[in-house]
Asker: 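Attaching a single structure in structure tokens format; questions to follow.
Lettering of chains follows the sequences in order, A, B, ..., and the numbering in each one begins at 1. What you see is a predicted model; the values in this text were computed from it and never measured.
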2 protein chains.
Amino acid sequence: MGAARRLDDTFAALADPTRRGVIDLLREQPLRAGELAAAFDMSPPAMSRHLRVLRKTGLVQEDAVEDDARVKLYRLRPERFSELRAWLDEVEAFWGEQLQSFKEHAERTRAKKRP
Amino acid sequence: MGAARRLDDTFAALADPTRRGVIDLLREQPLRAGELAAAFDMSPPAMSRHLRVLRKTGLVQEDAVEDDARVKLYRLRPERFSELRAWLDEVEAFWGEQLQSFKEHAERTRAKKRP
DNA sequence: CAGATGGTTAACGTCAGCGTTAAATATTGC
DNA sequence: GCAATATTTAACGCTGACGTTAACCATCTG
């Protein structure tokens, strides 16, 4: 149940193009909150909330930088992506049975109509 | 660009728990629109719209059943899931470089402050 | 200490998504 | 032809997400 709720949040997080864009940028290098806001021509508060969403789902993580305590450096976190991959694997595990099931359902329906 | 838009829709489609539930059921066997509505204790119109969303993203496909032209049988369509997997692969391709990039960014920041 | 800088929270408006019921469309079977 | 069945479309209300600006907190710097 907890896992399902987390998947909800994960997919919702990824549904937003800005957030997917953020992930795309962080793929190459960690970036500061302000740099990300600028990259998407967006107000800092708006980006801040996107980052909160990504943090909450665990897709992203904020690190401090030793020189300046005001700066938050954001980077990706692999674990949650693995979870997503696990879901995909589970769904795709059943392709082979689809055709067979289709035939079975046809049988089932026909049987109901002609008992 | 078209692909990005489609990813938007795909993730948005999967963000809804009902629609993920539908996919979960269809994984085992194709089902009728009415059967799906009943399975989630939901009005037929509500389910109909969920199915429209899933159809639009191509995650699901509607087939006719030869006996009764009123009935629409829904089943999964593997192709779009592959597309999702491709996105995941792309994102995950860069894990190895993360640590290195982190160091580089630290350098970059420090250099800016002490030129 | 005063001002500037980096970031987040608060308050507000707008728009899109989800559910419901009522109506419409198409098909079946007597 | 006419009632029943399967599904979709239409119209309505509500709630939640996203963006903006203003205010707030912490930290750095001269």
Side-chain angles (χ1 to χ4, degrees), chain A residues 5 8-22 26 30-57 60-75 105-106 108-110 112-115, chain B residues 5 8-22 26 30-57 60-75 105-106 108-110 112-115:
Chain A
R5 180 86 191 97
D8 273 17
D9 294 341
T10 302
F11 279 118
L14 296 175
D16 185 279
T18 300
R19 286 192 291 259
R20 271 208 322 288
V22 166
L26 294 186
L31 290 169
R32 304 162 41 161
E35 289 176 321
L36 287 166
F40 291 91
D41 199 37
M42 173 176 290
S43 69
M47 179 53 71
S48 180
R49 263 179 46 188
H50 281 304
L51 291 174
R52 176 166 37 162
V53 170
L54 289 171
R55 239 185 296 128
K56 211 156 198 167
T57 63
V60 141
Q61 149 182 14
E62 101 181 358
D63 291 314
V65 54
E66 63 279 359
D67 286 356
D68 190 336
R70 291 172 300 179
V71 173
K72 315 266 179 88
L73 200 55
Y74 281 91
R75 74 217 259 320
H105 185 282
R108 194 155 55 81
T109 303
R110 200 170 297 119
K112 202 179 278 176
K113 297 193 71 172
R114 295 170 187 137
Chain B
R5 180 86 190 95
D8 273 18
D9 294 341
T10 302
F11 278 119
L14 296 175
D16 185 278
T18 300
R19 287 192 290 260
R20 272 207 322 288
V22 166
L26 293 186
L31 290 170
R32 303 160 42 161
E35 289 175 320
L36 286 168
F40 291 90
D41 200 36
M42 174 177 287
S43 69
M47 179 54 69
S48 181
R49 263 180 44 188
H50 282 303
L51 291 173
R52 173 163 44 158
V53 171
L54 289 171
R55 237 185 297 128
K56 212 155 199 169
T57 63
V60 141
Q61 149 183 13
E62 101 181 359
D63 291 314
V65 53
E66 64 279 1
D67 286 356
D68 189 335
R70 291 171 300 178
V71 173
K72 315 266 180 86
L73 200 55
Y74 281 92
R75 73 217 264 310
H105 185 283
R108 193 156 55 84
T109 304
R110 200 169 297 120
K112 204 179 277 175
K113 297 193 68 174
R114 297 170 185 137

Asker: Please report the distance, rounded to the nearest Å, between CG in A:L51 and P in C:dG7.
Answerer: 10 Å
Asker: Does the side chain of A:R52 get closer than 4.0 angstrom to OP1 or OP2 of C:dG7 through an N or O atom?
Answerer: no
Asker: Between the base of D:dT5 and the side chain of B:R70, is there a donor-acceptor distance below 3.5 Å?
Answerer: yes
Asker: Mind listing the residues from residues 38-48 of chain A sitting with a heavy atom below 4.0 Å of DNA chain D? Number order is fine.
Answerer: A:M42, A:S43, A:P45, A:A46
Asker: Could you tell me how far apart B:D68 (CG) and C:dT25 (P) are, to the nearest whole angstrom?
Answerer: 20 Å
Asker: Consider side-chain contact (heavy atoms from CB on, under 4.5 Å). Of B:L26, B:D16, B:V60, which one does B:L54 pass it with?
Answerer: B:V60
Asker: Would you mind reading off the distance between A:E66 atom CD and D:dC28 atom P, rounded to a whole angstrom?
Answerer: 12 Å
Asker: Is there a donor and acceptor pair, one atom on the side chain of B:R49 and one on the base of C:dG19, closer than 3.5 Å?
Answerer: yes
Asker: Answer yes or no: does a side-chain N or O of A:R32 lie under 4.0 Å from OP1 or OP2 of C:dG6?
Answerer: yes
Asker: Please give, in whole Å, the distance from D:dC25 P to A:K72 NZ?
Answerer: 15 Å
Asker: Expressed in angstrom and rounded to an integer, what is the separation of A:L73 atom CG from C:dT8 atom P?
Answerer: 12 Å
Asker: Have a look at A:V22 and tell me which of A:V53, A:L51, A:L31 forms a side-chain contact (heavy atoms from CB on, under 4.5 Å) with it.
Answerer: A:L51
Asker: Ignoring backbone atoms, test whether B:H50 places a side-chain nitrogen or oxygen under 4.0 Å from the OP1 or OP2 oxygen of C:dG19.
Answerer: yes
Asker: Pick the closest DNA chain C nucleotide for B:A69 and for A:G34 by heavy atoms, then say which residue is nearer the 5' end.
Answerer: A:G34
Asker: Hey, could you give me the CZ/CG distance between B:R70 and B:D67, rounded to the nearest 0.5 Å?
Answerer: 11.0 Å
Asker: So which heavy atom on B:F11 is nearest to which on A:A15, and how close?
Answerer: CB-CA, 3.5 Å
Asker: Looking at B:L14 and B:R20, what are the two nearest heavy atoms and their distance?
Answerer: O-NH1, 2.8 Å
Asker: Rounded to the Å, how far apart are A:D67 CG and C:dG6 C1'?
Answerer: 14 Å
Asker: Which whole-number value in Å describes the distance from B:L31 CG to D:dA6 P?
Answerer: 15 Å
Asker: I want to check one thing: is the phosphate of C:dT8, taken as OP1 and OP2, less than 4.0 Å away from some side-chain N or O of A:R55?
Answerer: yes
Asker: Can you check the A:L54 CG to C:dT8 P distance for me, whole Å?
Answerer: 12 Å
Asker: With side chain to side chain contact (heavy atoms under 4.5 Å, CB included) as the test, would you mind laying out the steps for B:R55 and B:Y74 before giving the verdict?
Answerer: CA-CA 9 Å; B:R55 237 185 297 128; B:Y74 281 92; 3.3 Å; yes
Asker: Show which side-chain atoms of residues 36-50 of chain B pair as donor or acceptor with protein atoms under 3.5 Å away, not counting sequence neighbours.
Answerer:
| unit_1 | atom_1 | unit_2 | atom_2 | d |
| --- | --- | --- | --- | --- |
| B:S43 | OG | B:A46 | N | 3.4 |
| B:H50 | ND1 | B:R19 | NH1 | 3.2 |

Asker: Report the nucleotide, chosen from D:dT8, D:dG19, C:dT27, that has the shortest atom-to-atom distance to any side-chain atom of A:T18.
Answerer: D:dG19
